Number of protein chains: 2
Amino acid sequence: MLDDRKAAILRAVVEEYIETAQPVGSAAVSHAPGLAVSSATVRNEMNALERDGYLVQPHTSAGRVPTDKGYRFFVDSLTPNQRLEPSQSEQVRTFFARAHGELERMLSDTSRFLAGLTDYAAVVVRDSEDPARIKSAQLVSLTSQVVLLVVVLASGVVEKRTLELPDPVDEVVVGAASARLAAHVVGDTYGRPLGVPPSATPEVDTVVDAAVAALVPGPDSDHQPQVYVGGVSRMASAFDAVGTIRQVLDTLEQQYVLVSLVKDVLDRGLSVAIGAEHGVVPLADCSIVVAPYEVEGEPAGTVGILGPTRMHYEQTLAAVAVVSRRLGQALSKGAEDR
Amino acid sequence: MLDDRKAAILRAVVEEYIETAQPVGSAAVSHAPGLAVSSATVRNEMNALERDGYLVQPHTSAGRVPTDKGYRFFVDSLTPNQRLEPSQSEQVRTFFARAHGELERMLSDTSRFLAGLTDYAAVVVRDSEDPARIKSAQLVSLTSQVVLLVVVLASGVVEKRTLELPDPVDEVVVGAASARLAAHVVGDTYGRPLGVPPSATPEVDTVVDAAVAALVPGPDSDHQPQVYVGGVSRMASAFDAVGTIRQVLDTLEQQYVLVSLVKDVLDRGLSVAIGAEHGVVPLADCSIVVAPYEVEGEPAGTVGILGPTRMHYEQTLAAVAVVSRRLGQALSKGAEDR
DNA sequence: CGTTGGCGCTCCACGATACCGAGCGCTAGC
DNA sequence: GCTAGCGCTCGGTATCGTGGAGCGCCAACG
């Protein structure tokens, strides 16, 4: 749709603008590598590019700035064999060599690491596993009327619920209930209604029933946080308007917005959403780069980067791709022989 | 040290500055309630206040701005019977009426709630309980070589560690190890070296030993996050310099800085630290208001607010006090009959 | 016919200037 | 000791002018 020269010019404009954040003039582009034309020619071409919606002028007789459509073309024309810079590869290697520990910690650390790697805000979203095999269910009596339900899923996710019982219950009863629950529920699928047949002791059954009820995710009893955001402070450097910063940070704090944003982008088969392409209005000046990660061959979550529309797409795409892959590997560790 | 009139003038200046963020002139103050003097008199007094370090002029012949010392006097002269506004009380009531669920979730929700209540950033720091009674310890086999250790403490804290075993271990062995671990460790104090005598099966002992080792907090195996920060986006509105915002957000992401900051303020017996009073340089334009909360009469953590030096101290103090008290109550629920 | 050099035009950014008003310090009088 | 008033100092804003970046258009050229 764009001839070679227009494409080259558009790419040059985008690159220049990403570097400088200033409207790009025809002269700057005419000296771009791979282009040997006069600025006048560039002007003509830019004119056409503007007519076609790839560029805009902030005002008459100023340089050009890419539109979302312009960025989109730029991103789509990137060669997919992105490679990280050596120093970044090194960082990735040492991080994942040292990284260990429990799932939540791992995801949270990864989000922070990715933010540091790219200098943008990073998100890690853990898919709620469905179906999720229950590896362990246990009841712990905290006080006479409060019992903690701890469920471990096959992925290593630990779900917690407190049960508040109507009447005080002895620790022994809780122990019995715990055993009974474990016996009937382990191996089942989390999130589906579960049946535990009544036992001989009604007291025990009360506790078990409460636990089973808590296992079925209700409308408000949503799961533990499944989003990990790192490097929000980096959004402050990305914009110069305080209002924009505030909006973006605000949105970043609304976890469900983030989750559905990431999900939406993935569902549309994209790995990059630019500016208004995603529907989230307060993030109109932002782009998001996502890549799902897989544990043992199954999709398990997504890592992503949120940055200004004028972000370094090539490096970010590479970083997100590499980190998602390595994260998946790290989480699959020792699992291939299940 | 300050006569009544100077104190009244200083208070008026601080209040006015907090509202307007503009240097306060003598005329504005002379009409303040409780003051019936001419602006000239106010000027004289302000002059003295500036000489004594309570006020500064941004430049010659401008109004006055409070110094940290000025804020300090203001805060210290607040009557401690702060009360929330009715609408806020209502919010607190409904929040804690609806609030339930597991400890971590509770603390995280509280930080967000407090941020919304005050319109500043809120932090909740959970003290690492010491000594912490172990209520439950359990091993769950995730893969043949990876075992998840789940420990429940008396406070309801759930600690998780993954153990990577050198050799594949059968689930049955893990089960045995889990039972053995529970038998010997429940009731002990978390964080101290624990002894589990060797059993008849060396295989089981290997797993148990790994678990015991993981229970002793090593230098790098620090605990799960114990800080919950809410409302960071509100810091963006508090300042107009992007650089400041970035610095503050940066600092807010460094959890250990936050923890030691809060701890430090409490250790000095303060409930408010203003500007440079706390040593954290990037937060020089911020004040922090803290209040510890108690569960079952024992200190269990701290809630706090981070805002600009020119924050609404009276309301914030009240909010922090109320929320810390209610949080403590909520977490003690059903515990008085232990 | 595409490309290019050139010309004129537009508009922003920046500095200089002037002006206004807020607010102070000081002093003289009550 | 308080107050009214005067003069002075600055910062903020508006106005103006200028320089330069960059465009659009056109005519000429290969």
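Heavy-atom basis, side chains included; hydrogens, waters and symmetry copies ignored. All figures in this text were calculated on a predicted structure; none of them were measured in a lab. Residue numbers start from 1 in every chain, and the chains themselves are labelled A, B, ... in the order their sequence lines are given, proteins ahead of strands.
Sorted by first then second residue, the salt bridge (charged side-chain N to carboxylate O under 4.0 Å, His left out) pairs that include residues 251-266 of chain A, not counting sequence neighbours, are A:Asp264-A:Arg268. The side chain to side chain donor-acceptor pair (under 3.5 Å) analysis of residues 276-292 of chain A, with sequence neighbours excluded, yields the pairs A:Arg72-A:Glu277, A:Ser287-A:Tyr313. Within the structure, the salt bridge (charged side-chain N to carboxylate O under 4.0 Å, His left out) test picks out the following pairs touching residues 48-61 of chain A (sequence neighbours left out): A:Glu50-A:Arg64. Listed by first and then second residue, the salt bridge (charged side-chain N to carboxylate O under 4.0 Å, His left out) pairs that reach into residues 20-34 of chain B come to none, sequence neighbours excluded.
Near DNA chain C, defined here as any heavy-atom distance below 4.0 Å, the residues from residues 46-62 of chain B are B:Met46, B:Asn47, B:Gln57, B:Ser61, B:Ala62, listed numerically. Applying a 4.0 Å cut-off to non-hydrogen atoms, the residues of residues 16-30 of chain A that approach DNA chain D are A:Val24, A:Gly25, A:Ser26, listed by residue number.
A:Asp250 meets the salt bridge (charged side-chain N to carboxylate O under 4.0 Å, His left out) test with A:Arg246; sequence neighbours excluded. B:Asp240 pairs by the salt bridge (charged side-chain N to carboxylate O under 4.0 Å, His left out) definition with nothing, not counting sequence neighbours. Taking A:Phe95 as the reference, A:Phe113 meet the ring-ring contact (aromatic ring centres under 6.0 Å, His included) condition, with sequence neighbours excluded. For A:Phe73, there are no ring-ring contact (aromatic ring centres under 6.0 Å, His included) partners at least two apart in sequence or on another chain.
A distance-only check finds a donor-acceptor pair linking the side chain of B:Gln57 to the backbone of B:Ala62 [under 3.5 Å].
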Residues B:Val290, B:Val320; criterion side-chain contact (heavy atoms from CB on, under 4.5 Å); working and verdict
CA-CA 7 Å; B:Val290 294; B:Val320 167; 5.7 Å; no
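A:Glu19 and A:His312 share a side-chain donor-acceptor pair at under 3.5 Å.
For D:dG5, the base has a donor-acceptor partner in the side chain of B:Arg43 [N/O atoms by modelled type, under 3.5 angstrom].
End-to-end axis angle of the helix from C:dC1-D:dG30 to C:dC30-D:dG1, using five pairs per end and rounding to 10°, comes to 20°.
Counting all heavy atoms, side chain and backbone alike, A:Lys6 lies closest to A:Leu2 at CD-CD2, 4.1 Å.
With a heavy-atom cut-off of 4.0 Å to chain A, the contacted part of DNA chain C has its first and last nucleotide at C:dT3 to C:dC12.
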